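Heavy-atom basis, side chains included; hydrogens, waters and symmetry copies ignored. By convention in this document, chain letters (A, B, ...) are assigned in the order of the sequence lines, proteins followed by strands, and residues within each chain are numbered from 1. Source: prediction; values computed, not measured.
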Amino acid sequence: MNSKEIEKKWQDIWEKEKRFEVPNHVEGKKNAYILIEFPYPSGRGLHMGHCRSYTAIDAYARKKRLEGYNVMFPFGTDAYGLEAERTAIREHKRPQEIVERNIKTFQSQVRAIGMSIDWSRTINTCDPEYYKWTQWQFIQFYKHGLAEKREMTVNYCPNCGVLANEEVEDGKCCQCHTETTQKSKAQWVLKMTEYGERLADDLKDTDFMEHIKTSQINWIGKSEGVEVDFDIVGGGKFSIFTTCIETIYGITFMVVAPESKLVDELKDRIGNWSEVEAYRKATAKKSEFDRSEMNKDKSGVKLEGIYAINPVNGKKVPVYIGDFVIASYGTGAVMAVPTHDQRDFEFADKYGIEKIQVISGADVSKQAFEKYDYLGKNCTLMNSEEFTGQIVEEAKKNITEKLVKMGVGRKKLNFKMRDWIFSRQRYWGEPIPMIHCEHCGWVPVPDSELPVALPDVESYEPTKDGESPLSQIPDWVNTTCPVCHAPAKRETDTMPGWAGSSWYFMRYCDARNDKEFASLDALKSWLPIDLYNGGNEHTTRHLLYARFWNKFLYDIDLSPVSEPFKRRISQGLILGSDGKKMSKSSGNGVDPLQVIDEYSADALRLWMSFIGDYFESASWSDDGVKSCQKFLSRVERLQDILVDGDTYSKELSVAIHTAIKKVSQDIDNIKFNTAISALMILVNEITKVGKLNHAEYRTLLTLLNPFAPHMTEEIWETQKYSPRICDVKWPEWDEGKLVKDEIEYAIQINNKIITRLNIPTTASDSEIENIAKNEEKIASALNGKVVVKVIIIKNRLVNIIAK
RNA sequence: GCUGGUGUGGCGGAAUCGGCAGACGCACAGGACUUAAAAUCCUGCGAGGUAACACUCGUACCAGUUCAAGUCUGGUCACCAGCACCA
């Protein structure tokens, strides 16, 4: 049989015997939930990038299973989202058809690389059985006041409609890269900001890779500061938010966002209204991107006749509008301290505003002395009345206290993260299960009527006016109010692509439940996920949404854990052999199925793990797969030198125990490349010895099994070993048997290696010293010198310091 | 600019607590087997230096700590990722 037949044979056997299925409920602690982000089933099928994480994490799962864990390792597809819809439009097919076809391809490819998937749990986000629960959960958000329809300024892409902030990159749509604009529209939002603090703080309980935590933290953008009220001369007031309250005595002007309502309220008192109005109009035209792009040239307009009063010293300062102040962050107004904020500094320069230094320690005539530079350096305040001379950190506390006592200030947390805009005016998504009734307002669809099925339609392209295509189907839109039974209309917006992927890992635990989205019992058995692997592109948005979603379910006692993912890792990219990203245009793409065809799935699997550090990007190389294929056939050929024996032989004992330890630890630590190198070292050692017994061979095959499951099963069968390799126990190493009788020491004199010596491992320090000193070369080199000090590092070296 | 990460031969990459830098593999070179090729096996392979040794240099760069630094400390540079007029 050739490798292809062998691999097919075992894949069929595994599937037939339901080898990798686990129950929903498992007792005990030896459970491991291992998850790879489910893919969007694109027509191109599995690519090398998938292969790397799939095969490596599969190896991890297989090893855990051999160690006696109940391993849940599921697979599904995330079929909703813009990409599927766009493909459908391009190919003039219904998205449903395309998705169905692609899922089949995907699943067969996942089988072909030998994944140990529990297929009884497979799910797909556009399956009504699945999205029924996505809708149900939306309703729970609504019932708990965390979902509401809100008129708001939104990012709008002419192609893709309304986008969440997270979907806008550099002012462009993250899907089609068209320039986005601002539009006011009523949108469903999930109040994610209410969870901002917990989403940031609870990261400490997780074991995510550092850069993943960082990007989460950056995105959430939590800042601690103080909100302060400012009275306006002649009546009225407004508040500002600052993280640098210590600079309050340095305020020389204030800036509010141009669109601020305050400006309207003060209209009659503003001396230059026409100028102000013109500036506001100009700002409204600009997208958020344009506004931030203009950052080189700070612009603003003074509100003539308007002065704010600094509560700490009664100082009257002018008020400006400026488009660098964002209405939706903080209070939409800032205090400006040109000496200690570079932005304020430039603004002050441009409009000729005075500057007062309040923190000493730097020259502020050329540029501002900012918090990054003065914090933590024991800088003291100046020009700050009773706070003058206090250290910044101390003054921060004291000034805040004073403002609180005066009743004009309070501590405040602010987040850059905004609420999650949950509406899309697109066809291909879960319909939002809400009904609008003239008498009752918004009413959730009753549970008994879920799912609100996405109607099968001819035309699903986005409409010109930016409304959902569903709004064009009167039969679907018109319904009756569940409460008063009057005629009512369905919500026609659909959910964003991120909805279904925010909770799929829970559904896996109880995938066929038709009473609830997953029983708490099943969730308790499996959550939190022990290892969650996914692409770097999802480390901010998806992870944040999923954590938020779970936290909400946790709060209403439907999830047993407050953090669903214990450990999160991301694999590095697989690049083309030219070191560039694989792409059609550069023609450097490699098709995994062709590789399997030419070599074998096992060789591909081995190479994907051996190619380099799992977390770093790596270049594809044909020679690499070849070398792995070569290694596998070396292992196969070891059968020719097999001898009898049920215990490890003296010659190989140390090598075997060393390999067991290294492979075991490296797989746990996601260091697959060195795990394989340890196996190679073992095979080299066996080759040197020239023979191996069955016990040794069985151990080698077991260690190799996670990486090359087909071949090792086959050899196991050929050798008539029993039980089957997937039923054996992962070998254990004996720390005491790792030590050789003798170890080579490097012998140094004054840090320079003079010679190397084999010294028995049982030798004491003084014996080692004697052996070293008496060695011929050493003795002659030491002749006439005085030994000052002898440093002995066990099993490594001896360094003799001599004068 | 802020935050996090990385920097080691021709290449992918190893190196526990600071302890022989370059494991393992690729590529390359030489040899064995073969009529020949493929496959396989053996040997060599950081740079300079030597007939061969010896010796010298070498983990982005500059300092420091130490008997000993790829590893620790301070500073610089480059690249990657996230955030970025966020108050």
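- Atom OH in A:Tyr599 sits roughly 13 Å away from atom P in B:C26 (whole-Å rounding).
- Here, B:G25 and B:U34 have their C1' atoms 28 Å apart, quoted to the whole Å.
- In summary, A:Asp613 and A:Lys671 do not engage in a salt bridge, as defined by a charged side-chain N under 4.0 Å from a carboxylate O.
- Checking each of A:Thr252, A:Asp344, A:Asp349 against A:Lys355 for a side-chain hydrogen bond (donor to acceptor under 3.5 Å, both in side chains) leaves exactly one that passes, namely A:Asp349.
- Using the six-membered ring where Trp is involved, A:Tyr320 and A:Phe347 have ring planes that are perpendicular, over 60° apart on the 30 and 60° scheme.
- Checking the phosphate oxygens (OP1, OP2) of B:A39, no side-chain nitrogen or oxygen of A:Arg637 falls inside 4.0 Å.
- Residue A:Lys688 places no side-chain N or O under 4.0 Å from the OP1 or OP2 atom of B:C42.
- Look at the C1' atom in both B:G13 and B:C17: the space between them is 24 Å, to the nearest Å.
- Here the side chain of A:Lys789 is nearest to one of B:C67, B:C83, B:U56, namely B:C67.
- In terms of polar N and O atoms assigned as donor or acceptor, the side chain of A:Asn799 comes within less than 3.5 Å of the base of B:C67 in a complementary pairing.
- Taking atom P on both B:C24 and B:G46, the two are 13 Å apart, rounded to the nearest angstrom.
- When rounded to the nearest whole Å, the span between CG of A:Leu544 and C1' of B:C83 equals 13 Å.
- Distances were taken from every side-chain heavy atom of A:Asn218 (C-beta onward) to each of B:G19, B:A87, B:C83; the shortest belongs to B:C83.
- Checking B:C67, B:A87, B:C24 against the side-chain heavy atoms of A:Ser223 singles out B:A87 as nearest.
- Within the structure, every side-chain polar atom (N or O) of A:Asn751 is placed at least 4.0 Å from both OP1 and OP2 of B:A69.
- Between the side chains of A:Ser223 and A:Asn414, no donor N or O sits under 3.5 Å from an acceptor N or O.
- A donor and an acceptor atom, one from each side chain of A:Gln571 and A:Asn533, are located under 3.5 Å apart.
- Side-chain contact annotation: A:Asp323 with A:Thr283, donor-acceptor N/O pair under 3.5 Å absent.
- Comparing the C1' positions of B:C45 and B:G30 gives an interatomic distance of 11 Å, to the nearest angstrom.
- Between A:Ile326 atom CD1 and B:C83 atom P there is a gap of 15 Å when expressed in whole angstrom units.
- Distance check on atom P: B:A78 versus B:A27 gives 36 Å, rounded to whole Å.
- Taking a pair as Watson-Crick or G-U wobble with both distances under 3.5 Å, RNA chain B forms stems of 3 or more consecutive pairs at B:1-7 with B:77-83, B:10-12 with B:24-26, B:28-32 with B:40-44, B:46-48 with B:55-57, B:60-64 with B:72-76.
- Taking atom CG of residue A:Asp623 and atom C1' of nucleotide B:C24, one finds them 16 Å apart after rounding to whole Å.
- The phosphate of B:A87 (OP1 or OP2) has a side-chain N or O of A:Tyr329 nearer than 4.0 angstrom.
- The aromatic rings of A:Phe230 and A:Phe238 lie parallel to each other, their planes meeting at an angle below 30°, with 60° marking the opposite boundary.
- Classified by its glycosidic torsion, B:G13 falls in the anti category, the angle being over 90° from 0.
- Toward the 5′ end of RNA chain B lies the nearest nucleotide of A:Leu797, the other residue of the pair A:Leu797 and A:Asn750 mapping further downstream.
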Output one letter per nucleotide in nucleotides 11-18 of chain B: B when a protein non-hydrogen atom lies under 4.0 Å from the base, S when only the sugar-phosphate is that close, - when neither is.
-BSSSB--
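- Across the P atoms, B:A36 and B:A47 are found 33 Å apart, a figure rounded to whole Å.
- Backbone-only contact: A:Lys371 has heavy atoms under 4.0 Å from sugar-phosphate atoms and none from a base.
- Taking only side-chain nitrogens and oxygens, A:Arg634 comes nearer than 4.0 Å to OP1 or OP2 of B:C41.
- Aromatic ring orientation, A:Phe565 versus A:His542: tilted (interplanar angle from 30° to 60°).
- Annotation: B:C80 and B:U73 have their C1' atoms spaced 25 Å apart (nearest Å).
- Using a 4.0 Å heavy-atom distance criterion, A:Asn684 is classed as a sugar-phosphate-only contact.
- Electrostatic pairing of A:Asp229 and A:Arg410 counts as a salt bridge here, judged by a charged N lying under 4.0 Å from a carboxylate O.
- Spacing of P atoms, B:G18 relative to B:U8, comes out at 22 Å, to the nearest Å.
- In this pair, A:Trp498 and A:His538 present their aromatic rings perpendicular. The plane angle is above 60°, beyond the 30 to 60° band.
- If you check every strand for non-hydrogen atoms under 4.0 Å, A:Ile801 touches sugar and phosphate atoms only.
- Glycosidic conformation at B:C42 (O4'-C1'-N9-C4 for purines, O4'-C1'-N1-C2 for pyrimidines): anti, more than 90° from 0.
- Toward the 5' end of RNA chain B, the nearer of the two residues A:Thr539 and A:Thr214, judged by each one's closest nucleotide, is A:Thr214.
- Whole-Å rounding puts the A:Lys396 NZ to B:A87 P distance at 11 Å.
- Atom P of nucleotide B:U6 and atom CD of A:Glu210 are separated by 10 Å, given to the nearest angstrom.
- The side chain of A:Trp219 lies closest to B:C83, out of B:G19, B:C85, B:C83.
- Residue A:Ile681 is classed as a sugar-phosphate contact, given heavy-atom separations below 4.0 Å to backbone atoms only.
- At whole-Å resolution of the value, NZ in A:Lys416 and P in B:C2 are 14 Å apart.
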I'd like a table of donor-acceptor pairs (distance under 3.5 Å, sequence neighbours excluded) in which one partner is a side-chain atom from residues 791-798 of chain A, with atom names and distances.
from     : atom 1 : to       : atom 2 : distance (Å)
A:Lys794 : NZ     : A:Ala763 : O      : 3.0

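- Ion pair A:Glu598/A:Lys626 not flagged as a salt bridge, since none of the NZ, NE, NH1 or NH2 atoms sits closer than 4.0 Å to an Asp/Glu carboxylate oxygen.
- Between A:Asp622 atom CG and B:G25 atom C1' there is a gap of 15 Å when expressed in whole angstrom units.
- Counting only N and O atoms by type, the side chains of A:Arg568 and A:Thr539 include no donor and acceptor under 3.5 Å apart.
- Distance from the side chain of A:Lys630 is smallest to B:C26 among B:A87, B:C67, B:C26.
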